[in-house]
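So that the names make sense, note that chain A is the first sequence line, chain B the second, and so on, each numbered from 1.
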Amino acid sequence: DTAVSQTPKYLVTQMGNDKSIKCEQNLGHDTMYWYKQDSKKFLKIMFSYNNKELIINETVPNRFSPKSPDKAHLNLHINSLELGDSAVYFCASSEPGVSYNEQFFGPGTRLTVL
Amino acid sequence: GEDVEQSLFLSVREGDSSVINCTYTDSSSTYLYWYKQEPGAGLQLLTYIFSNMDMKQDQRLTVLLNKKDKHLSLRIADTQTGDSAIYFCAENLQAGTALIFGKGTTLSVSS
C-alpha cells in the first residue's frame, strides 16, 4: 500500500551511460515532481508535471528528460551520465487544493556515477 | 527572490528542548512546512502552518510564524535520541507548485 514508490532504490553506473528511474503514485494525485538532493543534502526541484503536462523545468541540463505516460507515473531518463549527476533523486506527488497542499515523497533513488 | 535559510547544525541533550529556525524571503507563501529526513530515508512531513496563523502546536512540536520578520521556528519539547535527523523548512508559493527547501538543519541528540 505504498503511496509513492521509486525504482530502483540504488543505481550505480559508469559515466556516459543512459539510465532511467521510475516513479509511481497510487494516491490519485494530478501533480508529480522530481527533486534532486546533492551530497550536501540540499534539495532542489527539477521538474513538475500536472496531469501528464510539464509545468516546471528548472535549469536542468537537457540530458534529463522526464516522461509521464499517465498521471500516476513520472519517469526520469538521464542520458550521458556525468559524475556531477551523483545524488539522491526524490519523486513526489500532491493534489493542489487538498490537505494543505502536502507533497508525498518517495523513498529516493541513490544514483552513483563512477 | 526565493531563498530559505536555516542554520546547518544543532546539538542538544536528551530531554532538552530543541529550537530550529528558518527565514524565508517570499512573503506570498501560502503554507510553510517542516519535513524530517532520517539517515538514508525519504522526507516525512512533520507539521505545517498556514500563512494566516502565528502558532501551531502538535504534541511535542510547536511551530511559530512571524510573518513580519519572515521567520519560522520549530520547537521540539523533550527531545529524544529518535529525533536525531535533518529538518527541512520549506515554503510553497501556491498549490501545485514546487516546494522551496532550506538547506536543512542536522539535529544531533546525545543521551
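Interatomic distance, CG of B:Leu8 versus NZ of A:Lys41, reported as 13.0 Å (0.5 Å rounding).
Neither the backbone nor the side chain of A:Lys44 comes within less than 4.5 Å of any heavy atom in chain B. Using a 4.5 Å cut-off between heavy atoms, A:Ile55 makes no contact with chain B at all. For A:Gln37, the part lying near chain B is the side chain, with the backbone staying farther off; criterion is any non-hydrogen pair under 4.5 Å.
Both B:Phe88 and B:Leu32 sit in one connected hydrophobic cluster of ILVMFWY residues. Membership requires side-chain heavy atoms under 4.5 Å apart, directly or through other members. With hydrophobic clusters built from ILVMFWY side chains whose heavy atoms lie under 4.5 angstrom apart, A:Leu83 shares a cluster with A:Leu81. Following chains of ILVMFWY side-chain contacts shorter than 4.5 Å, one can reach A:Leu76 starting from A:Met15, so the two form part of one hydrophobic cluster. Criterion: ILVMFWY side-chain heavy atoms under 4.5 Å apart, direct or through other members. Under it, A:Trp34 and A:Val113 are part of a common hydrophobic cluster. At a threshold of 4.5 Å between side-chain heavy atoms, the hydrophobic network of Ile, Leu, Val, Met, Phe, Trp and Tyr places A:Tyr49 and A:Phe104 in two separate groups.
Considering only heavy-atom pairs separated by less than 4.5 Å from chain B, the leading option among A:Asp30, A:Ile45, A:Leu43 is A:Leu43.
Applying the disulfide (SG to SG under 2.5 Å) test to residues at least two apart or on different chains, the pairs with a partner in residues 40-90 of chain B are B:Cys22-B:Cys89.
Residues of residues 36-70 of chain B lying under 4.5 angstrom from chain A, judged on non-hydrogen atoms, are B:Gln37, B:Gly40, B:Ala41, B:Gly42, B:Leu43, B:Leu45, B:Tyr48 by number.
Environment of NZ in A:Lys71: crowded, with over 12 heavy atoms of neighbouring residues, nucleotides or ligands closer than 6.0 Å.
Side-chain atoms of A:Tyr35 come within 3.5 Å of backbone N or O of B:Leu99 as a donor-acceptor pair.
In plain terms, the two heavy atoms of B:Tyr35 and A:Glu102 that are nearest each other are OH-CG, 4.4 Å.
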